[in-house]
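Data block below; observations after.
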Amino acid sequence: MKNILGKSFFARPVVEVAPDMLGKYIVCSAGNHEVYSKIIEVEAYDGPYDLACHASKGRTKKTEVLWSDPGTLYVYLVYGMHWMLNVVTTAKDYPAAVLIRATVDAVGPGRVTKYFGINKSLHGKIATTRSGLWFEDRGELISKNHILRTPRIGVDYAGPVWAKKPYRFVLDTKNRLQ
DNA sequence: TAAGTGATCTCT
DNA sequence: GAGATCACTTAA
(Lines give C-alpha, C1' and ligand atoms only; values in the text may rest on other atoms or scores of the structure.)
Protein backbone atom coordinates (compact mmCIF):
# COMPACT_ATOMS: atom_id res chain seq x y z
CA MET A 1 0.00 0.00 0.00
CA LYS A 2 1.46 3.32 -1.06
CA ASN A 3 -0.71 6.31 -0.34
CA ILE A 4 0.77 9.71 -1.05
CA LEU A 5 0.23 12.17 1.78
CA GLY A 6 -1.99 14.98 0.48
CA LYS A 7 -2.78 18.50 1.52
CA SER A 8 -5.38 17.36 4.07
CA PHE A 9 -2.72 15.39 5.95
CA PHE A 10 -0.63 18.54 6.43
CA ALA A 11 -3.59 20.87 7.00
CA ARG A 12 -3.77 20.14 10.75
CA PRO A 13 -2.02 21.58 13.81
CA VAL A 14 1.71 20.95 13.46
CA VAL A 15 1.91 19.09 16.79
CA GLU A 16 -0.54 16.56 15.32
CA VAL A 17 1.14 16.33 11.92
CA ALA A 18 4.67 15.87 13.27
CA PRO A 19 4.15 12.58 15.19
CA ASP A 20 2.00 11.26 12.33
CA MET A 21 4.95 11.60 9.97
CA LEU A 22 6.94 9.02 11.92
CA GLY A 23 6.96 5.73 10.01
CA LYS A 24 6.00 7.47 6.77
CA TYR A 25 8.37 7.51 3.81
CA ILE A 26 10.14 10.33 2.06
CA VAL A 27 10.28 9.59 -1.67
CA CYS A 28 12.51 11.55 -4.01
CA SER A 29 12.62 11.08 -7.76
CA ALA A 30 16.18 10.83 -9.02
CA GLY A 31 16.33 10.37 -12.77
CA ASN A 32 14.43 7.19 -13.66
CA HIS A 33 14.36 5.72 -10.18
CA GLU A 34 13.16 6.73 -6.74
CA VAL A 35 15.09 7.13 -3.51
CA TYR A 36 13.06 6.54 -0.37
CA SER A 37 13.56 6.18 3.37
CA LYS A 38 11.43 5.87 6.49
CA ILE A 39 11.13 8.88 8.80
CA ILE A 40 12.15 8.22 12.41
CA GLU A 41 12.64 11.71 13.88
CA VAL A 42 10.95 15.10 13.38
CA GLU A 43 10.47 18.43 15.12
CA ALA A 44 7.51 20.83 15.11
CA TYR A 45 7.85 24.60 14.70
CA ASP A 46 4.59 26.27 15.52
CA GLY A 47 3.69 29.72 14.38
CA PRO A 48 4.72 33.35 14.87
CA TYR A 49 4.92 33.13 18.69
CA ASP A 50 7.26 30.13 18.73
CA LEU A 51 10.63 31.82 19.23
CA ALA A 52 12.41 28.80 17.76
CA CYS A 53 10.35 29.05 14.56
CA HIS A 54 11.88 31.19 11.82
CA ALA A 55 8.49 32.86 11.42
CA SER A 56 8.96 34.58 14.79
CA LYS A 57 11.68 36.68 13.12
CA GLY A 58 9.07 38.13 10.81
CA ARG A 59 7.90 37.49 7.28
CA THR A 60 10.96 38.00 5.12
CA LYS A 61 12.19 36.76 1.77
CA LYS A 62 13.82 33.85 3.58
CA THR A 63 10.80 32.81 5.65
CA GLU A 64 7.81 33.69 3.49
CA VAL A 65 7.39 30.10 2.26
CA LEU A 66 6.19 29.24 5.80
CA TRP A 67 3.00 31.14 5.00
CA SER A 68 2.30 28.92 1.96
CA ASP A 69 -0.23 26.11 1.56
CA PRO A 70 0.15 23.05 3.80
CA GLY A 71 2.40 20.49 2.09
CA THR A 72 4.84 23.07 0.73
CA LEU A 73 8.56 22.34 1.20
CA TYR A 74 10.64 24.83 3.18
CA VAL A 75 14.35 24.26 2.51
CA TYR A 76 17.15 26.46 3.78
CA LEU A 77 20.88 26.40 4.53
CA VAL A 78 22.38 26.58 8.04
CA TYR A 79 26.00 26.92 9.14
CA GLY A 80 26.92 27.55 5.52
CA MET A 81 26.84 23.88 4.61
CA HIS A 82 23.74 21.98 5.68
CA TRP A 83 20.34 21.99 4.02
CA MET A 84 17.32 21.56 6.30
CA LEU A 85 14.13 19.92 4.99
CA ASN A 86 10.81 21.15 6.39
CA VAL A 87 7.17 20.76 5.37
CA VAL A 88 4.67 23.57 5.89
CA THR A 89 1.59 22.55 7.89
CA THR A 90 -1.64 23.75 9.50
CA ALA A 91 -3.09 26.38 7.14
CA LYS A 92 -2.20 28.90 4.49
CA ASP A 93 -1.09 32.17 6.12
CA TYR A 94 -0.23 30.38 9.38
CA PRO A 95 3.55 29.83 9.64
CA ALA A 96 4.22 26.34 11.03
CA ALA A 97 6.39 23.50 9.76
CA VAL A 98 7.80 20.06 10.50
CA LEU A 99 11.58 19.59 10.31
CA ILE A 100 12.68 16.15 9.14
CA ARG A 101 15.58 15.27 11.46
CA ALA A 102 16.26 11.65 10.60
CA THR A 103 15.31 8.60 8.54
CA VAL A 104 16.45 5.00 8.95
CA ASP A 105 19.16 5.64 6.37
CA ALA A 106 20.31 9.08 7.44
CA VAL A 107 20.39 10.27 11.08
CA GLY A 108 20.72 14.04 11.40
CA PRO A 109 18.88 16.75 9.46
CA GLY A 110 21.93 17.69 7.39
CA ARG A 111 22.52 14.06 6.47
CA VAL A 112 18.91 13.48 5.42
CA THR A 113 19.17 16.19 2.78
CA LYS A 114 22.56 14.90 1.67
CA TYR A 115 21.13 11.36 1.34
CA PHE A 116 18.33 12.61 -0.91
CA GLY A 117 20.41 15.22 -2.72
CA ILE A 118 18.08 17.97 -1.50
CA ASN A 119 18.98 21.62 -1.97
CA LYS A 120 17.35 24.97 -2.58
CA SER A 121 15.86 23.76 -5.87
CA LEU A 122 13.03 22.14 -3.84
CA HIS A 123 12.40 25.24 -1.73
CA GLY A 124 8.79 26.36 -2.14
CA LYS A 125 7.83 23.25 -4.14
CA ILE A 126 4.64 21.38 -3.27
CA ALA A 127 5.13 17.89 -1.77
CA THR A 128 1.67 16.49 -2.46
CA THR A 129 2.26 15.37 -6.05
CA ARG A 130 4.49 12.59 -7.36
CA SER A 131 7.19 14.84 -8.67
CA GLY A 132 10.41 16.02 -7.09
CA LEU A 133 9.84 14.96 -3.51
CA TRP A 134 6.79 13.66 -1.69
CA PHE A 135 5.68 11.56 1.28
CA GLU A 136 4.03 8.13 1.31
CA ASP A 137 2.08 6.13 3.85
CA ARG A 138 3.12 2.52 3.26
CA GLY A 139 0.69 1.13 5.77
CA GLU A 140 3.03 0.84 8.73
CA LEU A 141 1.13 1.42 11.93
CA ILE A 142 2.98 3.30 14.64
CA SER A 143 1.78 2.88 18.21
CA LYS A 144 1.75 6.03 20.30
CA ASN A 145 3.65 4.03 22.91
CA HIS A 146 6.61 3.93 20.53
CA ILE A 147 6.88 7.68 20.06
CA LEU A 148 9.25 9.57 22.38
CA ARG A 149 8.78 13.32 22.96
CA THR A 150 11.72 15.53 23.92
CA PRO A 151 12.64 19.21 23.69
CA ARG A 152 13.96 20.37 20.34
CA ILE A 153 17.65 20.37 19.46
CA GLY A 154 19.81 23.46 19.03
CA VAL A 155 17.16 26.03 19.97
CA ASP A 156 18.41 27.19 23.37
CA TYR A 157 18.28 30.76 22.08
CA ALA A 158 14.46 30.52 22.00
CA GLY A 159 14.13 31.28 25.72
CA PRO A 160 13.08 29.09 28.66
CA VAL A 161 9.52 28.51 27.49
CA TRP A 162 9.91 27.66 23.80
CA ALA A 163 13.27 25.91 24.07
CA LYS A 164 11.71 23.41 26.47
CA LYS A 165 8.54 22.62 24.52
CA PRO A 166 8.45 18.86 23.83
CA TYR A 167 8.13 19.36 20.10
CA ARG A 168 10.67 16.71 19.02
CA PHE A 169 9.19 13.34 18.14
CA VAL A 170 11.37 10.23 17.86
CA LEU A 171 10.38 6.72 16.85
CA ASP A 172 11.44 4.16 19.45
CA THR A 173 14.56 2.35 18.25
CA LYS A 174 12.86 -1.06 18.23
CA ASN A 175 10.48 0.16 15.55
CA ARG A 176 13.01 1.65 13.18
CA LEU A 177 13.85 -1.50 11.29
CA GLN A 178 12.53 -1.53 7.74
C1' DT B 1 35.86 20.34 21.29
C1' DA B 2 36.16 23.39 17.73
C1' DA B 3 36.59 24.57 12.93
C1' DG B 4 34.36 25.03 8.70
C1' DT B 5 30.91 27.57 5.79
C1' DG B 6 27.64 31.09 3.69
C1' DA B 7 22.90 33.26 3.66
C1' DT B 8 20.58 36.57 6.15
C1' DC B 9 19.60 40.00 9.52
C1' DT B 10 20.89 44.14 12.34
C1' DC B 11 23.17 47.65 13.03
C1' DT B 12 26.27 51.71 10.99
C1' DG C 1 29.49 47.35 4.23
C1' DA C 2 30.79 45.04 8.72
C1' DG C 3 29.74 41.89 12.29
C1' DA C 4 26.87 38.36 14.55
C1' DT C 5 24.08 34.54 14.30
C1' DC C 6 22.64 30.24 13.19
C1' DA C 7 16.89 24.14 13.48
C1' DC C 8 24.89 20.98 11.88
C1' DT C 9 28.72 17.57 10.78
C1' DT C 10 33.15 15.83 11.07
C1' DA C 11 37.54 14.71 12.54
C1' DA C 12 40.48 14.66 16.44
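Being a predicted model, the structure only gives us computed values, none of them experimental. Note on naming: letters A, B, ... go to the chains in the order of the sequence lines (proteins, then strands), and numbering restarts at 1 for each one.
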A/Phe9 six-ring centre to A/Arg12 NZ/CZ under 6.0 Å and within 45° of normal: yes

Using atom [atom1] of [X] as one end and atom [atom2] of [N] as the other, report the distance to the nearest whole Å.
X: A/Leu66; N: C/dA7; atom1: CG; atom2: P; value: 12 Å
X: A/Arg152; N: C/dC8; atom1: CZ; atom2: P; value: 12 Å
X: A/Lys62; N: B/dG6; atom1: NZ; atom2: P; value: 16 Å
X: A/Tyr74; N: B/dA7; atom1: OH; atom2: C1'; value: 11 Å
X: A/Glu43; N: C/dC6; atom1: CD; atom2: C1'; value: 14 Å
X: A/Met84; N: C/dT9; atom1: CE; atom2: C1'; value: 9 Å
X: A/Asn119; N: B/dT5; atom1: CG; atom2: P; value: 19 Å
X: A/Tyr76; N: B/dA7; atom1: OH; atom2: C1'; value: 12 Å

Ignoring backbone atoms, test whether [X] places a side-chain nitrogen or oxygen under 4.0 Å from the OP1 or OP2 oxygen of [N].
X: A/Thr60; N: B/dT8; answer: no
X: A/Arg101; N: C/dC8; answer: yes
X: A/His82; N: C/dA7; answer: no

Within a reach of under 6.0 Å around NZ of A/Lys164, are more than 12 heavy atoms found that belong to other residues, nucleotides or ligands? no

[X] has a side chain; which of [options] sits nearest to it?
X: A/Met81; options: B/dT5, C/dC8, B/dT8; result: B/dT5
X: A/Arg111; options: B/dG6, C/dT9, C/dA7; result: C/dT9
X: A/Lys120; options: B/dG4, C/dT10, B/dT8; result: B/dT8

Ion pair check, A/Arg130 and A/Glu136, cut-off under 4.0 Å: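 Salt bridge flag = yes for A/Glu136 with A/Arg130.
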
Keeping A/Thr63 on the side-chain end and A/Gly58 on the backbone end, is there a donor-acceptor pair under 3.5 Å? yes

Verify stack between A/Tyr79 ring and B/dG4 base, 5.5 Å, 30 degrees: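 One would not call A/Tyr79 stacked on the B/dG4 base.
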
Scan A/Lys57, A/Arg152, A/Lys165 and name whichever one has a salt bridge (Lys or Arg N to Asp or Glu O under 4.0 Å) with A/Asp50.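 So, applying the salt bridge (Lys or Arg N to Asp or Glu O under 4.0 Å) to A/Asp50 and each of A/Lys57, A/Arg152, A/Lys165, only A/Arg152 qualifies.
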
Just jot down the salt bridge (charged side-chain N to carboxylate O under 4.0 Å, His left out) partners of A/Lys114, sequence neighbours excluded, or say none.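 Salt bridge (charged side-chain N to carboxylate O under 4.0 Å, His left out) list for A/Lys114, sorted by chain: empty.
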
Qualifying residues under salt bridge (charged side-chain N to carboxylate O under 4.0 Å, His left out), relative to A/Asp69, sequence neighbours excluded: A/Lys7

Reading DNA chain C 5' to 3', how would its secondary structure be written in dot-bracket notation, given Watson-Crick and G-U pairs with both distances under 3.5 Å, brackets [ ] for crossing pairs and | for partners on other strands? ||||||.||||.

